[in-house]
Participant: 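Let me begin by handing over the structure; questions about it come next.
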Amino acid sequence: MSILNIAIAGSSGRMGRVLLESVAQAPDMRLAAALERKGSPFIGKDAGELFGAPCGVFISEEMATALVGCHALIDFTRPEATLDHLQACRELGVNIIIGTTGFSVEQKELIADAGRDIGVVFAPNMSVGVNLSLKLLDMAARVLNEGYDIEIVEAHHRHKVDAPSGTALRMGEVVANALGRNLEECAVYGREGVTGERSPSTIGFATVRGGDIVGDHTVMFAGTGERVEITHKASSRATFALGALRAARFLAQRGKGLFDMQDVLGLR
């Protein structure tokens, strides 16, 4: 069995620690590098200590050195950091799995361009269940294409910095595309005061932030006399980590190109 050497960016963060442990437990993977931002107090520490099992891999800020010999970098950090990591991966020929959210249109174009040189899996949510939900949403929108109002409600922990979540936006994009709409033109982000009657062409978004909610998403198709809801609830960040590992395995077989989790899971 071929072993994949995996690097983790943002290794001391909540998601980073789950990724470290997941890679350490995968029989076909080896934790080859753990990365952190410059000045982090975790630099030089054994990455395994972050999940209770010292492993001899020490956290580094030297991206170019750490990535040598790696097959893939998994990155769930911030847009600016991810783009720096993307450039390093591109220069070194290392595949990258990007679960970071909050990118601008221009930044997404940079990610897409990198697919000319390396393998890139870019998805706002790596969960297998969420990506199955996206497929179901496409089907539902095509069937419920008249007489149904569409609202998307998402909830996350108090520390999440972007809203709506990247997953909620992706759900909106899937529904809008299925209906032949442009999400940028039909999205409504929150409502307050006297808003008037709801336009049937809009897709509404509502955001909840609080506590330690890992991630809840519901898309509601509200018609006359009935309501169809497609809901996904994540109870552990492990679901995102396991999806990212599947993405790394996928890229090892596919080589360069831009992919998402629909490709990884064969849902196209």
Participant: Give a yes or no answer on whether the side chain of Glu36 reaches the backbone of Ser12 with a donor-acceptor pair at less than 3.5 Å.
Facilitator: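 Side chain of Glu36 to backbone of Ser12, a donor-acceptor pair under 3.5 Å: yes, one is there.
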Participant: Would you indicate whether Arg78, at its atom CZ, is surrounded by more than 12 heavy atoms from other residues, nucleotides or ligands within a distance under 6.0 Å?
Facilitator: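 Counting neighbours around CZ of Arg78, 12 or fewer heavy atoms of other residues, nucleotides or ligands fall under 6.0 Å, so no.
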Participant: With the side chain counted from C-beta on, respond yes when Arg246 and Met126 share a heavy-atom pair under 4.5 Å apart, and no when they do not.
Facilitator: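 Side-chain contact under 4.5 Å: no.
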Participant: More than 12 heavy atoms of other residues, nucleotides or ligands under 6.0 Å from NZ of Lys160: yes or no?
Facilitator: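 Atom NZ in Lys160 is crowded, with more than 12 foreign heavy atoms closer than 6.0 Å.
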Participant: Can you find a pair of side-chain heavy atoms, one from Val175 and one from Leu179, that are under 4.5 Å apart?
Facilitator: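 Of all side-chain heavy-atom pairs linking Leu179 with Val175, at least one is under 4.5 Å.
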Participant: State whether the side chain of Asp260 and the backbone N or O of Ala123 hold a donor-acceptor pair below 3.5 Å, judged by distance alone.
Facilitator: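 Not at all, since once roles are kept as given, no pair shorter than 3.5 Å links the two residues.
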Participant: Looking only at side chains, do His85 and Gln87 share a donor and an acceptor under 3.5 Å apart?
Facilitator: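 No, because no side-chain N or O of His85 sits under 3.5 Å from a partner of the opposite role on Gln87.
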Participant: Between Asp113 and Arg116, does the side-chain contact (heavy atoms from CB on, under 4.5 Å) criterion hold? Intermediate values first, please.
Facilitator: CA-CA 6 Å; Asp113 187 65; Arg116 296 188 302 167; 2.9 Å; yes
Participant: Does Asp216 reach the side chain of Thr231, with side-chain heavy atoms less than 4.5 Å apart?
Facilitator: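 No, side chains not in contact.
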Participant: Drop me the distance from Asn125's CG to His232's NE2, to the nearest 0.5 angstrom.
Facilitator: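 Interatomic distance, Asn125 CG to His232 NE2, rounded to 0.5 Å: 7.0 Å.
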Participant: Side chains of Val188 and Ile203, heavy atoms from C-beta outward: is any pair under 4.5 Å?
Facilitator: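 The answer is no; the side chains never approach within 4.5 Å.
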Participant: Just jot down the side-chain contact (heavy atoms from CB on, under 4.5 Å) partners of Phe58, sequence neighbours excluded, or say none.
Facilitator: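 Expected list: Asp46.
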Participant: Does Ile59 form a side-chain contact (heavy atoms from CB on, under 4.5 Å) with Leu50? I'd like the steps, not just the answer.
Facilitator: CA-CA 10 Å; Ile59 299 173; Leu50 296 177; 3.7 Å; yes
Participant: Give me the atom names and distance for the closest heavy-atom approach of Thr239 to Ser127.
Facilitator: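 What the structure gives for the nearest pair is OG1-OG, 3.5 Å.
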Participant: Mind checking the CE-CZ spacing from Met261 to Phe250? Nearest 0.5 Å is all I need.
Facilitator: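 Here the interatomic distance stands at 9.5 Å.
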Participant: Do side-chain atoms of Ser22 reach the backbone of Val18 as a donor and acceptor pair under 3.5 angstrom?
Facilitator: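 Yes; judged by distance alone, with no hydrogens or angles, the pair exists.
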Participant: Grouping I, L, V, M, F, W and Y whenever their side-chain heavy atoms are under 4.5 Å apart, do Phe240 and Leu20 come out in a common cluster?
Facilitator: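 Yes.
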Participant: Indicate the atoms forming the closest heavy-atom contact of Ala252 with Leu4, along with that distance.
Facilitator: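 Residues Ala252 and Leu4, closest heavy atoms: CB-CD2, 3.8 Å.
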Participant: Only one of Phe76, Phe259, Phe103 clears ring-ring contact (aromatic ring centres under 6.0 Å, His included) with Phe122; which?
Facilitator: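 Among the candidates, only Phe103 passes.
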Participant: Begin from the C-alpha positions of Arg191 and Glu151 and carry the test salt bridge (charged side-chain N to carboxylate O under 4.0 Å, His left out) through to its verdict.
Facilitator: CA-CA 12 Å; Arg191 297 181 177 91; Glu151 296 287 322; 2.9 Å; yes
Participant: Are the side chain of Asn95 and the backbone N or O of Gly119 linked by a donor-acceptor pair below 3.5 Å?
Facilitator: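 A pair under 3.5 Å: yes.
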Participant: Nearest 0.5 Å, please: how far is CG in Asn182 from CG in Asn177?
Facilitator: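 It comes to 8.5 Å.
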Participant: Taking Leu83 as the starting point, is it possible to reach Val120 by hopping between hydrophobic residues whose side chains are less than 4.5 Å apart?
Facilitator: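 Linked within one cluster.
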Participant: Is the backbone of Ile118 close enough, under 3.5 Å, to the side chain of Arg90 for a donor and an acceptor to pair up by distance?
Facilitator: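 No.
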Participant: Can we say Arg254 and Asp263 salt-bridge, meaning some charged N sits less than 4.0 Å from an Asp/Glu carboxylate O?
Facilitator: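 Salt bridge: no.
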Participant: Work out which heavy atom in Ile3 is nearest to a heavy atom in Pro27; give both atom names and the distance.
Facilitator: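 That would be CD1-O, 3.5 Å.
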Participant: Please identify which of these residues, Ile152, Asn131, Leu134, Val130, meets the side chain to side chain contact (heavy atoms under 4.5 Å, CB included) condition with Thr167.
Facilitator: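 So the option named by the test is Val130.
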Participant: Check the hydrophobic clustering (I, L, V, M, F, W, Y; side-chain heavy atoms under 4.5 Å; chains of links allowed) and say if Leu258 and Ile96 are grouped together.
Facilitator: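 Yes: a chain of side-chain contacts under 4.5 Å links Leu258 to Ile96.
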Participant: Give the C-alpha distance, both sets of side-chain angles, the deciding distance and a yes or no for side-chain contact (heavy atoms from CB on, under 4.5 Å) between Ile150 and Val219.
Facilitator: CA-CA 7 Å; Ile150 302 163; Val219 180; 4.1 Å; yes
Participant: May I ask you to decide if Ile213's main-chain N or O and His157's side chain share a donor-acceptor pair within less than 3.5 Å?
Facilitator: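 No; judged by distance alone, with no hydrogens or angles, the pair does not exist.
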Participant: Please round to the nearest 0.5 Å and tell me the distance separating atom CG of Leu267 and atom CG of Leu132.
Facilitator: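 Atom-to-atom, Leu267:CG and Leu132:CG are 6.5 Å apart.
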Participant: Quiz question: by atom type and distance under 3.5 Å, do the side chains of His217 and Ser165 form a donor-acceptor pair?
Facilitator: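 Yes, side-chain donor-acceptor contact under 3.5 Å.
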Participant: According to a 4.5 Å side-chain heavy-atom criterion applied to Ile, Leu, Val, Met, Phe, Trp and Tyr, with indirect links allowed, do Val143 and Met171 form part of one hydrophobic cluster?
Facilitator: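 Val143 clusters together with Met171.
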Participant: Taking NZ, NE, NH1 and NH2 as the nitrogens, is one of them in Glu154 or Arg209 under 4.0 Å from a carboxylate oxygen of the other?
Facilitator: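 Salt bridge present between Glu154 and Arg209.
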Participant: Can Arg237 and Arg17 be said to form a side-chain contact (heavy atoms from CB on, under 4.5 Å), step by step?
Facilitator: CA-CA 10 Å; Arg237 290 182 177 82; Arg17 296 177 188 228; over 6 Å; no
Participant: Sub-3.5 Å donor-acceptor pair from the side chain of Gln107 to the main-chain atoms of Ser104, do we have one?
Facilitator: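 Checked: pair present.
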Participant: Suppose clustering is done on Ile, Leu, Val, Met, Phe, Trp and Tyr with side-chain heavy atoms closer than 4.5 Å. Which residues sit in the same group as Leu242?
Facilitator: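 Leu242 clusters with nothing; isolated.
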Participant: For Met29 and Ile6, which heavy atoms make the closest approach, and how far apart are they?
Facilitator: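 Shortest heavy-atom separation between Met29 and Ile6 comes out as SD-CG1, 3.9 Å.
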Participant: Report yes or no: does Thr100 contribute a side-chain atom to a donor-acceptor pair with the main-chain N or O of Thr77 at less than 3.5 Å?
Facilitator: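 Checked: pair present.
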Participant: Identify the two heavy atoms, one from Ala88 and one from Leu67, that lie closest to each other, and give their separation to 0.1 Å.
Facilitator: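 That closest heavy-atom pairing would be CB-CD1, 4.3 Å.
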Participant: Check this for me: does any side-chain nitrogen of one of Glu229 and Arg227 sit under 4.0 Å from a carboxylate oxygen of the other?
Facilitator: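 Yes, charged N to carboxylate O under 4.0 Å.
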Participant: Check whether any side-chain N or O of Ser11 sits under 3.5 Å from a backbone N or O of Leu35 as a donor-acceptor pair, and report yes or no.
Facilitator: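 Yes.
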Participant: Can we say Asp149 and Arg198 salt-bridge, meaning some charged N sits less than 4.0 Å from an Asp/Glu carboxylate O?
Facilitator: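 Yes.
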Participant: In Å, rounded to the nearest 0.5 Å, how long is the span from CD1 of Ile97 to CG of Leu245?
Facilitator: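 Reported value, rounded in 0.5 Å steps: 8.5 Å.
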Participant: Linking I/L/V/M/F/W/Y whenever their side-chain heavy atoms sit closer than 4.5 Å, directly or via other members, would Leu19 and Phe51 fall into one cluster?
Facilitator: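 As far as the 4.5 Å side-chain criterion goes, Phe51 and Leu19 are connected within one cluster.
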Participant: If you round to the nearest 0.5 Å, how far is CG of Asp28 from OG of Ser2?
Facilitator: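 One gets 8.5 Å once the value is rounded to the nearest 0.5 Å.
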Participant: Identify the heavy atoms of Val121 and Ala247 that sit nearest to each other, and give their distance.
Facilitator: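 Heavy atoms only, the tightest pair is CG1-CB, 3.9 Å.
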Participant: Hey, is the main chain of Gly204 close enough, under 3.5 Å, to the side chain of Thr202 for a donor-acceptor pair?
Facilitator: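 Judged by distance alone, no pair lies under 3.5 Å.
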